[in-house]
There are 2 protein chains.
Amino acid sequence: MESRCENCIIRQFNSLRAMSKEELKKVSDSKTTKIVKKGEPIFEEGDKLNGVYCVRNGVSKLSKLSANGKDQIVKLASKGEVLGQRSVISQESTNLSAIAVDDMEVCFIPKESINNTLQKNPNFTLEVLRHMAHDLKEADDVIVNISQKTVKQRMAEAFLYLKNNFGEDSDGFLALTLSREDISNVVGTATESAIRIISEFKKKGLIHTSGKKIGIKDERKLLEMVEGF
Amino acid sequence: MESRCENCIIRQFNSLRAMSKEELKKVSDSKTTKIVKKGEPIFEEGDKLNGVYCVRNGVSKLSKLSANGKDQIVKLASKGEVLGQRSVISQESTNLSAIAVDDMEVCFIPKESINNTLQKNPNFTLEVLRHMAHDLKEADDVIVNISQKTVKQRMAEAFLYLKNNFGEDSDGFLALTLSREDISNVVGTATESAIRIISEFKKKGLIHTSGKKIGIKDERKLLEMVEGF
DNA sequence: TTAAAAATATGATATTTATCAGTAAATTGT
DNA sequence: ACAATTTACTGATAAATATCATATTTTTAA
């Protein structure tokens with residue numbers, strides 16, 4: 001038995017909570033649940049999306065390919081986040097790829113349900129708007145960070161971000177394990193540079209590693225580094 | 001006599017066009033027009049905004065101060081754009097400063113009018129949402145550009161952007177004249193580096209200058225440079 | 001109008017970061 | 001279980017960019 005949106009807890013975290021019971025029912029009837037394996041795309045840059053994807057489980061990286069062949073990861077989206085919203089709203093093909101970093105479970109919601117509700121339920125629209133305002137603010141912060149901070153500072157910041165947003169496992173490692181390449185694509189640097197800085201941080205006792213897992217050892221010093229001490 | 005929003009052409013360019021006649025009337029009655037001199041702020045990072053600013057004339061730079069004391073310009077806003085929307089919508093203090101690059105004329109619209117309409121007129125909300133979706137897409141592009149392109153490429157891109165968005169004067173110079181420092185803050189580089197690259201472009205015949213004015217001479221080559229040839 | 005201040009420009013140098021080359025370790029598929 | 005592939009790591013070097021110093025030009029304000 002497929003679960004119903006009406007009963008879905010995930011919904012509390014996103015704009016779907018502003019939908020009425022009837023609207024949710026329609027969404028639930030039209031939605032399909034999908035398993036996306038680690039490394040597989042949910043959608044890719046340039047795709048025309050026929051709906052949005054609500055993340056039930058796992059983490060997705062939203063990235064954009066640059067001319068020089070490197071991906072830049074613009075955002076990491078996890079449980080509760082809705083992917084593809086912007087594309088559906090502006091009726092353009094998407095400017096980002098969404099690729100699973102973990103095994104994922106996502107619900108596909110056809111755009112008709114969304115567009116319909118957008119036009120009829122101002123609360124829903126406002127809720128979506130608030131989320132987008134938040135995303136835009138975050139994007140502005142990323143711009144300033146990338147252009148004004150050193151790679152080292154951005155690396156430190158990335159680790160703190162991962163801790164704050166995805167937590168730690170029982171052994172004190174960051175719960176979200178990214179490849180070195182993904183880390184470099186979040187930070188916006190060459191993979192070798194990212195690896196080098198990881199080694200340096202390890203030597204300085206700021207972090208510890210085990211395979212590709214990374215744990216934060218000295219949060220205060222990392223924070224100071226981000227601030228530029 | 002103050003002009004009325006109902007008759008304002010500027011409105012066609014922004015989300016206010018989705019307002020009903022009654023709503024516009026209210027806005028018009030509550031709005032105030034303000035002259036902002038070149039270099040003066042409309043609002044500053046951290047301010048709590050009591051409304052939004054609709055640009056009637058002139059250009060404003062939206063920037064954020066980084067820890068190292070440099071400003072990063074996130075967006076240049078001109079005629080028709082509405083400033084402070086995001087802050088009002090998310091009910092947070094603003095994350096950006098808005099400073100006049102030109103002499104400006106802006107209309108201040110108290111947030112009550114905006115919030116009221118947001119809650120009652122889904123068309124308006126949707127229109128605002130579309131604009132914000134567009135801004136977010138642009139912000140994503142900026143992120144990728146800054147992290148994946150060289151300073152030279154970003155400089156070339158900045159000149160093309162200025163031409164496409166603000167046009168040229170009768171002598172073939174970019175209509176929007178920015179200081180070298182502002183250019184460096186758009187591009188996200190040191191002022192000296194920006195100046196150096198301007199000199200280089202001049203030598204190569206890509207641009208020509210006169211005082212702080214810059215004109216584009218070889219658009220095709222600039223474009224090729226942006227693409228990475 | 002003219003002295004002071006600010007902005008532009010350029011050179012020398014230091015620092016940061018990327019690239020290339022190669023090795024070691026881990027992961028994957030059979 | 002093991003060869004093949006991918007990922008992680010390290011060193012050497014090159015390239016890009018920032019910083020500091022200083023000269024020149026332009027703008028501002030008394």
Side-chain angles (χ1 to χ4, degrees), chain A residues 37-40 61 66-72 99 101-103 145-156 158 173-174 177-203 207-215 225 228, chain B residues 37-40 61 66-72 99 101-103 145-158 173-174 177-204 207-214 225-226 228:
Chain A
K37 286 257 175 69
K38 181 179 170 174
E40 285 178 357
K61 55 178 174 179
S66 71
N68 66 23
K70 273 208 75 156
D71 271 323
Q72 174 67 34
I99 294 171
V101 170
D102 274 333
D103 288 347
N145 272 338
I146 288 197
S147 73
Q148 306 286 5
K149 289 189 177 150
T150 65
V151 174
K152 226 175 275 184
Q153 288 177 305
R154 274 140 54 199
M155 286 286 291
F173 291 107
L174 294 171
T177 304
L178 294 175
S179 72
R180 303 301 196 241
E181 191 181 3
D182 277 346
I183 292 175
S184 78
N185 289 343
V186 167
V187 168
T189 189
T191 307
E192 297 96 320
S193 298
I195 291 173
R196 240 180 271 278
I197 289 170
I198 289 172
S199 301
E200 190 189 324
F201 282 7
K202 214 162 51 171
K203 269 188 207 145
I207 60 175
H208 56 117
T209 69
S210 163
K212 51 173 54 178
K213 281 187 191 169
I214 292 173
M225 178 169 283
Chain B
K37 287 257 174 67
K38 180 177 171 177
E40 285 178 357
K61 54 178 176 181
S66 71
N68 65 24
K70 273 208 76 157
D71 271 322
Q72 173 67 33
I99 294 171
V101 171
D102 274 332
D103 288 346
N145 272 339
I146 287 199
S147 73
Q148 307 284 6
K149 290 191 175 146
T150 65
V151 174
K152 228 176 271 183
Q153 288 177 306
R154 275 142 52 201
M155 286 287 291
E157 193 161 45
F173 291 106
L174 294 171
T177 304
L178 294 175
S179 72
R180 304 299 195 243
E181 191 181 5
D182 277 346
I183 292 175
S184 79
N185 289 343
V186 167
V187 169
T189 189
T191 306
E192 296 97 320
S193 298
I195 290 173
R196 241 180 271 279
I197 289 170
I198 289 172
S199 301
E200 190 189 325
F201 282 7
K202 214 160 55 172
K203 270 188 205 144
K204 285 191 184 158
I207 61 175
H208 56 116
T209 69
S210 163
K212 51 174 52 179
K213 281 188 193 169
I214 291 174
M225 177 170 283
V226 173

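A note on names: the letters A, B, ... follow the listed sequences, proteins ahead of strands, and every chain is numbered from 1.
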Could you give the NZ-to-P distance, from A/Lys149 to C/dT16, as a whole number of Å?
17 Å
Indicate whether any N or O donor in one side chain lies under 3.5 Å from an N or O acceptor in the other, for A/Thr209 and A/Lys202.
yes
Listed nucleotide nearest any side-chain atom of A/Val151, set C/dT17, D/dT17, D/dT10:
C/dT17
Given side chains that start at C-beta, do those of A/Ile214 and A/Ile183 come closer than 4.5 Å, heavy atoms only?
yes
Please report the distance, rounded to the nearest Å, between CD in B/Gln153 and C1' in C/dA18.
14 Å
Upstream residue (5' side of DNA chain C) when A/Lys70 and B/Arg196 are each assigned their closest nucleotide:
B/Arg196
Give the rounded distance in Å between these two atoms: CZ of A/Arg154 and C1' of C/dT16.
11 Å
Which of residues 186-195 of chain B have a heavy atom under 4.0 Å from DNA chain D?
B/Thr189, B/Ala190, B/Glu192, B/Ser193
Could you go through residues 188-196 of chain B and list every donor-acceptor pair under 3.5 Å that involves a side-chain atom there, pairing it with any protein atom two or more places apart or in another chain?
residue  : atom : partner  : partner atom : Å
B/Thr191 : OG1  : B/Ser184 : OG           : 3.3

Just to confirm, is there a sub-4.0 Å distance from OP1 or OP2 of D/dC9 to any side-chain nitrogen or oxygen of A/Arg180?
yes
Measure CD/A/Gln148 against C1'/C/dT16 and give the value in whole Å, please.
15 Å
Verify, without hydrogens or angle tests, whether A/Arg154 (side chain) and A/Asn145 (backbone) share a donor-acceptor contact under 3.5 angstrom.
no
The nucleotide from D/dA12, C/dT17, C/dT10 with an atom nearest the side chain of A/Thr150 is C/dT17
Rounded to the nearest 0.5 angstrom, the CG-CD distance for A/Asn185 and A/Gln72 is 7.0 Å
Backbone of A/Lys213 reached by a side-chain donor or acceptor of A/Ser210 within 3.5 Å
no
Quick check against the 3.5 Å criterion: does A/Asp103 have a side-chain atom that pairs as donor or acceptor with the backbone of A/Lys38?
yes
I need the NZ-P distance between B/Lys37 and D/dA29, as an integer number of Å.
11 Å
Could you tell me the separation between the CD atom of A/Gln153 and the OG atom of B/Ser66, rounded to the nearest 0.5 Å?
9.0 Å
Specify the residue among A/Lys203 and A/Leu178 whose closest nucleotide of DNA chain D lies further upstream toward the 5′ end.
A/Leu178
Whole-Å gap separating C1' (D/dG11) and CD1 (A/Ile197):
16 Å
Rounding to an integer number of Å, can you tell me how far A/Lys152 NZ sits from D/dT17 P?
18 Å
Distance check, rounded to the nearest 0.5 Å: B/Thr150 atom OG1 versus B/Met225 atom CE?
7.5 Å
What is the separation between atom CD on A/Glu181 and atom P on D/dT6, rounded to the nearest whole Å?
12 Å
Identify the pairs formed between an N or O of the protein and an N or O of nucleotides 25-30 of chain C at a distance under 3.5 Å, and give each distance.
none

